[in-house]
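Single-structure report; data block below.
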Amino acid sequence: MSLADMGVRDLTVCGPSGLSHYIASARLHLRRTQLGVKILESPSLSDESLTPILNDENLTIYAIPLSVNETRQDSPSSTGSSKRKRSKSPPTHAKRRSGDLRSEGTQQQLLSMPDMDSFRFLPSSLTGSNASSWRQRIVDWMFRPLNQPPKPTLTLEENEVDAQALSSQISDPGKQHYTKRLPSFTGESPALSYIVIGPETRGKFDVRKADELGVPKPMRSRLTKGQSIVTPDGVTVTPDMVLSQATPPSAFMFVHCPSVAYIDDLVSSDALHPQKYNPSAELRLIIHRVGEGVLEDSRYQEWMRQYPGIRHLVAAEPLSSNPLVFTGSANVQLRLSQLDPEVFRVPRYSNQAPRLQPDFPDLDVRPLESDVDIRMQPFPDPASGTDPFSAPILPENTYAQTISEMDSPDYINPLAEEYAKAQESVRVNTPQSPSASAQSHGSDVVITTLGTGSAMPSKYRNVSSNLVQIPKWGTVLLDCGEGTWGQVCRHFGIEHANSADPSLSPTNLLLTSGNTENNSTGNDSTWAHATAVLRDLKCVFISHAHADHHLGLAKILARRRALQPAVSEPLYLIASRYSIQHLYEYNELEDMGINDPRYVRVIDAFHIDWQADKADPRIQQSAGYSGDTMPCTNLVDAGWGATVLIHEATMADDQADLALAKAHSTCGQAIEVGRRMEAKNILLTHFSQRYPKMPELDKGESVLNEAFERQNTAENSDDSPPADARHRAPVAIAFDHASFKIGSLWKIEKYMNAIAKTFVEQEGSEPGNGEADDTVAGLATEPPSSPVKKEKRNEMKGKEKQKAAVAAVGNAPDGSNVKESSTI
């Protein structure tokens with residue numbers, strides 16, 4: 001999706017069998033008809049030689065599949081390895097000759113399907129080549145073929161009438177079935193390793209020898225291209241007569257061994273040798289992407305020793321450091337922790353590996369570091385003393401510099417006066433604060449906003465994700481955009497021990513604000529680590545099928561399913577049927593526990609009454625969550641009197657027309673909804689990436705001020721104010737990694753000036769820190785004044801869109817076209 005939004009026109013994606021199924025399962029949120037895509041799936045396992053998946057003047061790449069040995073999955077071997085001959089796999093419909101690496105279905109014709117014109121046709125009933133062809137048909141609908149002009153874009157969300165007209169012009173009898181369940185994937189999905197071979201560098205042209213041989217200057221270019229020539233004197237000159245010895249191509253291998261169950265196939269394979277494909281290639285490096293226990297296994301170690309004298313770089317979660325990537329964002333969090341360490345907790349990180357690697361005295365084995373430029377061609381002469389593996393891409397980490405400065409006894413905080421003013425304002429207003437004594441209103445419930453941006457991630461704001469921690473009950477996750485698991489790890493720290501100790505439950509711990517290099521992996525017993533958060537998770541609510549609200553869910557579910565010991569209670573997943581279907585289809589490639597009620601119990605959001613029963617004595621507090629929506633009276637009614645309203649505020653107040661066109665809300669509109677709802681607290685989130693640091697709140701502030709003035713006026717008169725004028729709720733702005741106790745949300749209003757000046761201070765210190773401001777992977781966010789072509793990177797192209805709350809389905813009484821909202 002990012003590549004499509006960057007303007008990339010054509011893309012070839014290579015992976016193991018099942019890749020087409022994986023991409024097709026994302027059809028309702030991944031469709032990009034302007035992008036040309038070709039899918040290459042790995043060959044079947046065999047002893048035949050492989051053809052390259054890429055071969056141009058710079059690189060030749062081979063993909064080598066490794067399969068699981070079913071009899072060796074449980075534990076690593078402690079004895080010496082004994083190689084076995086790889087047996088031929090039995091022929092099945094899912095396997096092809098290893099030299100026939102191609103797009104699934106591109107050389108097949110869709111077999112006769114007489115029921116395709118009928119609404120009763122079920123793609124899930126297809127098997128064999130028909131199933132493969134159907135997946136390819138879906139991929140062809142999602143993208144255009146390579147090197148062809150873009151297809152008509154069916155933008156149902158933007159203009160349904162025109163989209164239907166375009167749709168009627170496209171003759172495709174199967175399109176009515178594209179939202180139905182995919183055929184089951186039953187093929188083999190091996191792990192892929194890669195061999196990458198660079199170009200051979202020709203030797204230097206010897207001008208003196210060419211002159212001695214009488215080679216005319218116009219003919220010399222042919223010699224440099226490897227062609228022999230005949231001089232005017234009749235002398236045959238070959239390239240080796242005038243060129244010095246060529247530099248052999250450098251090669252490296254990327255070896256993916258997810259578990260010890262793949263080791264037998266690895267050690268018995270003769271495919272993982274670059275010289276098999278290019279005898280002159282010189283192996284310089286092996287990158288090992290290994291799972292737990294692989295590097296310690298004696299069979300794997302023996303295989304590694306076949307390659308002495310080269311660098312071995314290991315990428316494995318338990319063996320690698322966990323450095324900060326977006327240091328600018330971390331710097332802001334670090335500075336704001338001096339304002340309020342409970343709200344703005346310092347991110348968890350580690351610049352050192354959690355535990356030592358196995359000892360390899362006879363090999364050069366090191367952890368793979370991030371942001372390092374490895375020079376492969378031409379490879380430096382070892383005698384020169386140049387290390388080709390350690391050239392940093394980015395300048396020195398500015399976060400480390402900031403910590404060093406702040407630890408200095410001479411450090412003077414440039415914002416100390418502003419922070420002190422804000423803290424004094426909080427202290428003075430604490431007795432009169434709206435929520436100071438409201439212990440019965442869930443003041444100890446903690447909301448951690450893991451992602452507060454919309455559409456796509458940026459440096460300061462990831463996409464939507466909100467963690468609600470309810471003491472002595474559990475945790476609820478409201479939406480789960482891409483990167484949510486990474487945000488959980490960054491906020492809570494990583495615990496590799498997978499502890500099942502209930503005392504480590506996040507809702508049973510006093511979440512401290514401390515963060516140091518020494519406890520950054522979760523060893524501090526007072527810090528709830530990421531694994532404990534997974535165990536404590538009781539419910540996940542996905543508001544709708546846009547990618548920025550659910551792409552991170554598969555990782556959360558898969559991580560939770562893999563916990564050992566296993567979780568003791570199921571997780572309740574509430575989502576639309578499209579989101580649920582995507583997960584069921586993806587589950588055929590990776591077990592997320594979604595088919596096992598011991599791990600996950602799935603609930604269709606349409607079957608829930610979202611109206612909280614205020615008469616129920618068990619309900620002491622409630623939370624309203626808007627998802628993506630315009631101002632909605634149904635949401636106001638459903639969430640009336642909520643303890644907290646978490647409402648999207650995508651647009652600035654001067655972009656009300658754009659908010660209307662995109663079915664979003666402005667900051668002022670969101671605050672007005674909370675005021676009408678008489679919510680006790682309002683938390684604004686889901687800001688457009690036009691405002692990566694601070695949203696614009698001009699009218700939002702005026703809404704607050706007007707209501708407050710009306711309230712003061714009414715209190716000093718004999719007349720009672722109208723209901724909507726009496727209510728003045730605290731309003732908080734969400735930031736990534738901020739943790740708000742509901743009873744303390746009012747403080748954020750007092751902090752706003754200090755927070756804004758913190759971003760200004762950070763912006764002044766950023767030049768030269770190696771980060772592109774407000775960008776992710778080279779994607780620049782648009783300035784506030786620029787017109788916006790596409791707000792969402794992930795607009796769903798289907799006709800049906802989820803209305804996540806029954807109370808908010810359809811047109812609201814105020815005439816607004818609601819997308820989704822909920823009250824829990």
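Bear in mind that the values here come from a model prediction, so they are computed numbers and not experimental data.
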Just by modelled atom types, is the [Y] backbone N or O under 3.5 Å from a matching donor or acceptor in the [X] side chain?
{"X": "His686", "Y": "Ser454", "value": "no"}
{"X": "Arg560", "Y": "Val600", "value": "no"}
{"X": "Arg31", "Y": "Trp141", "value": "yes"}
{"X": "Glu482", "Y": "Val463", "value": "no"}
{"X": "Glu648", "Y": "His664", "value": "no"}
{"X": "Ser465", "Y": "Leu450", "value": "no"}
{"X": "Ser125", "Y": "Leu122", "value": "yes"}
{"X": "His582", "Y": "Ser25", "value": "yes"}
{"X": "Lys180", "Y": "Phe121", "value": "yes"}
{"X": "Gln136", "Y": "Ile39", "value": "no"}

Minimum heavy-atom separation for [X] and [Y], please, with both atom names.
{"X": "Tyr262", "Y": "Ala191", "value": "CE2-CB, 3.8 Å"}
{"X": "Gly593", "Y": "Asn587", "value": "N-OD1, 3.7 Å"}
{"X": "Gly15", "Y": "Tyr194", "value": "CA-OH, 4.4 Å"}
{"X": "Ala24", "Y": "Ile138", "value": "CB-CG2, 3.7 Å"}
{"X": "Leu537", "Y": "Val476", "value": "CD1-C, 4.4 Å"}
{"X": "Asn462", "Y": "Pro457", "value": "OD1-CB, 3.4 Å"}

Can you name the side chain to side chain donor-acceptor pair (under 3.5 Å) partners of [X], sequence neighbours left out?
{"X": "Glu585", "value": "Arg27"}
{"X": "Asp596", "value": "Arg598"}
{"X": "Thr452", "value": "Arg461, Asp736"}

Do Lys38 and Phe143 pass the side chain to side chain contact (heavy atoms under 4.5 Å, CB included) test, and can you show the C-alpha distance, the side-chain angles, and the key distance before you say yes or no? CA-CA 9 Å; Lys38 180 180 181 181; Phe143 310 101; over 6 Å; no

Hey, could you give me the [atom1]/[atom2] distance between [X] and [Y], rounded to the nearest 0.5 Å?
{"X": "Ser543", "Y": "Asp628", "atom1": "OG", "atom2": "CG", "answer": "6.0 Å"}
{"X": "Leu40", "Y": "Thr12", "atom1": "CG", "atom2": "OG1", "answer": "6.0 Å"}
{"X": "Met1", "Y": "Asp548", "atom1": "CE", "atom2": "CG", "answer": "8.5 Å"}

Kindly indicate whether the side chain of Met456, heavy atoms from C-beta on, has any atom under 4.5 Å from the side chain of Ser2.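 No, their side chains stay 4.5 Å or more apart.
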
Got Ile542 and Ile580 here, is their nearest side-chain heavy-atom distance under 4.5 Å?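 They are not in contact (no side-chain heavy atoms under 4.5 Å apart), so the answer is no.
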
Under the ring-ring contact (aromatic ring centres under 6.0 Å, His included) rule, collect the residues that match up with His647, sequence neighbours excluded.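 His647: no ring-ring contact (aromatic ring centres under 6.0 Å, His included) contacts found.
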
According to the interplanar angle, ranging from 0 to 90°, do the rings of Trp134 and His177 count as parallel (below 30°), tilted (30 to 60°) or perpendicular (above 60°)?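 Trp134 and His177: tilted rings.
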
Applying salt bridge (charged side-chain N to carboxylate O under 4.0 Å, His left out), can you list everything that pairs with [X], at least two apart in sequence or on another chain?
{"X": "Arg561", "result": "Asp591"}
{"X": "Lys538", "result": "Asp536"}
{"X": "Arg559", "result": "Glu317"}

Sequence-distant partners of [X], side-chain contact (heavy atoms from CB on, under 4.5 Å), two or more places apart:
{"X": "Glu588", "value": "His21, Arg181, Ser184, Phe185"}
{"X": "Ala649", "value": "Cys667, Ala670, Leu684, Phe687"}
{"X": "Arg601", "value": "Pro570, Tyr572, Pro597"}
{"X": "Glu590", "value": "Ala558, Tyr586"}

Just by distance, no angles: are the side chains of His29 and His549 close enough, under 3.5 Å, to form a donor-acceptor pair?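 On atom types as modelled, these side chains do not qualify, holding no pair under 3.5 Å.
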
Does one side chain, of His256 or Ser193, offer a donor that lies under 3.5 Å from an acceptor on the other?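 Result is no, nothing qualifies.
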
What pairs of residues pass the salt bridge (Lys or Arg N to Asp or Glu O under 4.0 Å) test when at least one of them lies in residues 10-21, not counting sequence neighbours?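 Found Asp10-Arg144.
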
With side chain to side chain contact (heavy atoms under 4.5 Å, CB included) as the criterion, how do Asn595 and Tyr584 come out once you've worked through the C-alpha distance, each side chain's angles and the decisive distance to 0.1 Å? CA-CA 8 Å; Asn595 289 319; Tyr584 276 122; 3.1 Å; yes

Start with the C-alpha gap between Val673 and Thr629, add the side-chain angles, then the distance that decides, and say whether side chain to side chain contact (heavy atoms under 4.5 Å, CB included) holds. CA-CA 11 Å; Val673 168; Thr629 185; over 6 Å; no

Go through Met142 and Ile23 one step at a time and tell me if the side chain to side chain contact (heavy atoms under 4.5 Å, CB included) criterion holds. CA-CA 9 Å; Met142 296 169 64; Ile23 292 178; 3.9 Å; yes

